[in-house]
Amino acid sequence: MAQPNLDMDALRTLLATQKLGGLNRAAERIGRSQSAVSQQMRKLEEQVGMPMFRRQGRGLVLTETGELILSYAHRILELNDEAIRAVRGASIEGVVRFGLPGDFAETWLPKALGQFKKTHPRVRVDVAVERNGMLLERLDRGELDLVLAMGYEHRPDAERLATLPMTWIGPAGSGVVLTPGVPLDLALYNPPCFFRRAGISALDSANISWRLAYTTASLRSLWSGVEAGLGVTLRTASGMPSTLRRLGEKDGLPPLPSVDLCLHAATDDISPALAQLKRAVVENATANLNGDA
């Protein structure tokens with residue numbers, strides 16, 4: 001007996017339904033009516049031969065069968081999309097000079113760039129990891145083609161990908177952060193640094209005394225200083241080592257603003273190679289930063 005072929009569009013809709021929390025939201029996102037989305041889900045149930053949803057209160061939740069199909073949907077669509085990218089990317093060639101801050105250089109972006117290299121074997125990507133401001137200076141000098149940076153959303157070339165909350169960060173095993181009458185030890189980047197400015201401004205507004213106990217130009221060195229207990233710092237949670245923890249108002253520290261993460265391209269007239277890398281960065285940022293935004 002021939003096995004049915006699961007409907008790819010229906011699988012994409014299933015993923016959207018779970019990601020967005022309901023059929024209505026999924027329908028809005030993919031531009032279909034709720035009845036059309038419901039019909040897709042019924043079609044999947046017919047192909048599987050078992051119910052995929054059950055009622056819970058006023059809504060629907062996945063059954064065990066639905067959860068199983070959802071897990072396979074991720075893998076099926078990922079393989080499908082990889083195959084399409086590989087076929088289309090094989091004919092694209094060129095060189096793209098890409099800059100990113102250290103916050104993302106040790107988390108999801110290297111894997112994304114490695115996958116891009118597999119699907120675009122004739123595109124050479126030269127990667128530079130530096131501080132946000134320095135990356136954009138290099139972009140303006142024509143030394144880079146594409147830059148991922150935080151805190152420069154007002155530039156005319158900025159394309160916002162996510163808004164990330166800043167957070168105070170200290171060692172995982174730390175206890176009391178603020179001691180009455182004792183300035184708060186800070187571990188910060190050397191200036192200029194918008195995180196540094198934001199933290200100092202927040203402390204001054206809250207009338208919390210502080211002192212610069214540890215300054216550095218390296219993110220890895222910054223994490224090491226905080227882990228050693230030399231001072232607290234502030235960044236986004238992206239890339240924060242497991243040896244550190246978020247701090248906040250419960251620790252007596254003032255609230256902090258958010259920061260926009262944006263892509264900056266050197267020109268609007270971008271090459272096919274640059275366009276493909278940009279698309280890959282946008283897709284991976286969307287997939288990996290939902291929990292941080």
Side-chain angles (χ1 to χ4, degrees), residues 89 92-117 120 122-166 188-201 215-223 233-240 256-289 292-293:
I92 297 175
E93 59 184 34
V95 178
V96 181
R97 300 164 300 174
F98 177 49
L100 66 151
D103 304 70
F104 307 106
E106 298 178 9
T107 52
W108 53 270
L109 254 178
K111 181 179 179 181
L113 293 174
Q115 183 63 38
F116 181 85
K117 183 176 180 180
H120 297 77
R122 299 172 68 181
V123 176
R124 192 185 83 202
V125 181
D126 295 336
V127 179
V129 179
E130 294 181 14
R131 293 170 61 173
N132 294 279
M134 188 173 296
L135 289 170
L136 290 168
E137 289 177 9
R138 293 189 61 186
L139 182 76
D140 293 338
R141 291 197 301 266
E143 298 174 5
L144 294 173
D145 304 305
L146 186 68
V147 164
L148 183 69
M150 294 182 288
Y152 291 85
E153 62 277 5
H154 300 302
R155 283 176 54 111
D157 59 4
E159 178 182 336
R160 192 183 73 82
L161 302 185
T163 298
L164 305 174
M166 294 187 193
L188 299 173
Y189 263 1
N190 297 325
C193 172
F194 63 87
F195 284 107
R196 176 184 176 127
R197 292 194 301 269
I200 290 174
S201 175
T215 58
T216 180
S218 159
L219 182 60
R220 180 167 293 186
S221 172
L222 182 68
W223 293 143
T233 193
L234 68 152
R235 304 290 295 180
T236 71
S238 297
M240 183 181 74
L256 294 166
S258 296
V259 59
D260 282 341
L261 175 68
C262 298
L263 263 182
H264 306 262
T267 176
D268 292 332
D269 184 21
I270 62 178
S271 68
L274 178 54
Q276 288 300 306
L277 179 62
K278 183 178 178 182
R279 176 199 54 76
V281 173
V282 171
E283 288 182 358
N284 279 276
T286 302
N288 287 278
L289 295 175
D292 296 326

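Quick note: numbers below take in every heavy atom, side chains included, and nothing from hydrogens, waters or symmetry partners.
- In this structure, CG in Leu277 is found 6.5 Å from CG in Leu113, a value given to the nearest 0.5 Å.
- Residues Gly94 and Ala273 come closest through the heavy atom pair CA-CB, 4.4 Å.
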Yes or no on side-chain contact (heavy atoms from CB on, under 4.5 Å) for Leu261 and Thr163, after CA distance, side-chain angles and deciding distance? CA-CA 6 Å; Leu261 175 68; Thr163 298; over 6 Å; no
Step-by-step side-chain contact (heavy atoms from CB on, under 4.5 Å) determination, Thr216 to Leu188: CA-CA 7 Å; Thr216 180; Leu188 299 173; over 6 Å; no
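- Across all non-hydrogen atoms, the minimal contact from Phe98 to Leu263 is CE1-CD2, 4.4 Å.
- Here the NZ-CD distance, from Lys278 to Glu283, works out to 13.0 Å after rounding to the nearest 0.5 Å.
- In this structure a side-chain-to-backbone donor-acceptor pair under 3.5 Å is missing from Tyr189 to Leu222.
- Taken from CG in Leu256 to CZ in Phe195, the straight-line distance is 10.0 Å, to the nearest 0.5 Å.
- The shortest distance between side-chain heavy atoms of Pro101 and Glu130 does not fall below 4.5 Å.
- For Asp260, there are no salt bridge (Lys or Arg N to Asp or Glu O under 4.0 Å) partners two or more places apart in sequence or in a different chain.
- In the displayed structure, Arg124 atom CZ is contacted under 6.0 Å by at most 12 heavy atoms of other residues, nucleotides or ligands.
- In this structure, the side chains of Ser238 and Leu164 come closer than 4.5 Å at one or more pairs of heavy atoms.
- Of all non-hydrogen atoms in Glu153 and Ala158, the two that sit nearest each other are O-CB, 3.6 Å.
- Here the CG-CE distance, from Leu100 to Met150, works out to 10.0 Å after rounding to the nearest 0.5 Å.
- The distance from atom CD of Glu137 to atom CG of Leu144, rounded to the nearest 0.5 Å, is 11.0 Å.
- Cys262 has its side chain out of reach of Glu159: every pair of non-hydrogen atoms, C-beta onward, lies at least 4.5 Å apart.
- A pairwise comparison of heavy atoms in Leu161 and Ala285 identifies CD1-CB, 3.9 Å as the closest pair.
- Remark: Asn132 pairs with no residue by the side chain to side chain donor-acceptor pair (under 3.5 Å) rule, at least two apart or across chains.
- Residues Val129 and Phe104 fail the side-chain proximity criterion, which asks for heavy atoms closer than 4.5 Å.
- Judged purely by atom type and a 3.5 angstrom limit, Ser201 has no side-chain atom pairing as donor or acceptor with the backbone of Arg197.
- Side-chain atoms of Leu136 and His264, non-hydrogen and from C-beta on, do get closer than 4.5 Å to each other.
- Interatomic distance, CG of Leu219 versus CE of Met240, reported as 12.0 Å (0.5 Å rounding).
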Take His120 and Gln276 through the side-chain contact (heavy atoms from CB on, under 4.5 Å) test and state the conclusion after the steps. CA-CA 9 Å; His120 297 77; Gln276 288 300 306; 3.5 Å; yes
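- With contacts defined as side-chain heavy-atom distances shorter than 4.5 Å, the pair Phe116/Val123 qualifies.
- Residues passing the salt bridge (Lys or Arg N to Asp or Glu O under 4.0 Å) test with Arg97, sequence neighbours excluded: Asp145.
- Between Arg131 and Asn190, some side-chain heavy-atom pair lies under the 4.5 Å cut-off.
- Side-chain contact between Val259 and Phe194: present, with at least one pair of heavy atoms (C-beta onward) separated by less than 4.5 Å.
- Taking both residues in full, the closest heavy atoms of Leu135 and Gly99 are given as CD2-CA, 3.7 Å, listed atom of the first, atom of the second, then distance.
- With respect to Arg155 and Asp140, a salt bridge is recorded, a charged nitrogen being found less than 4.0 Å from a carboxylate O.
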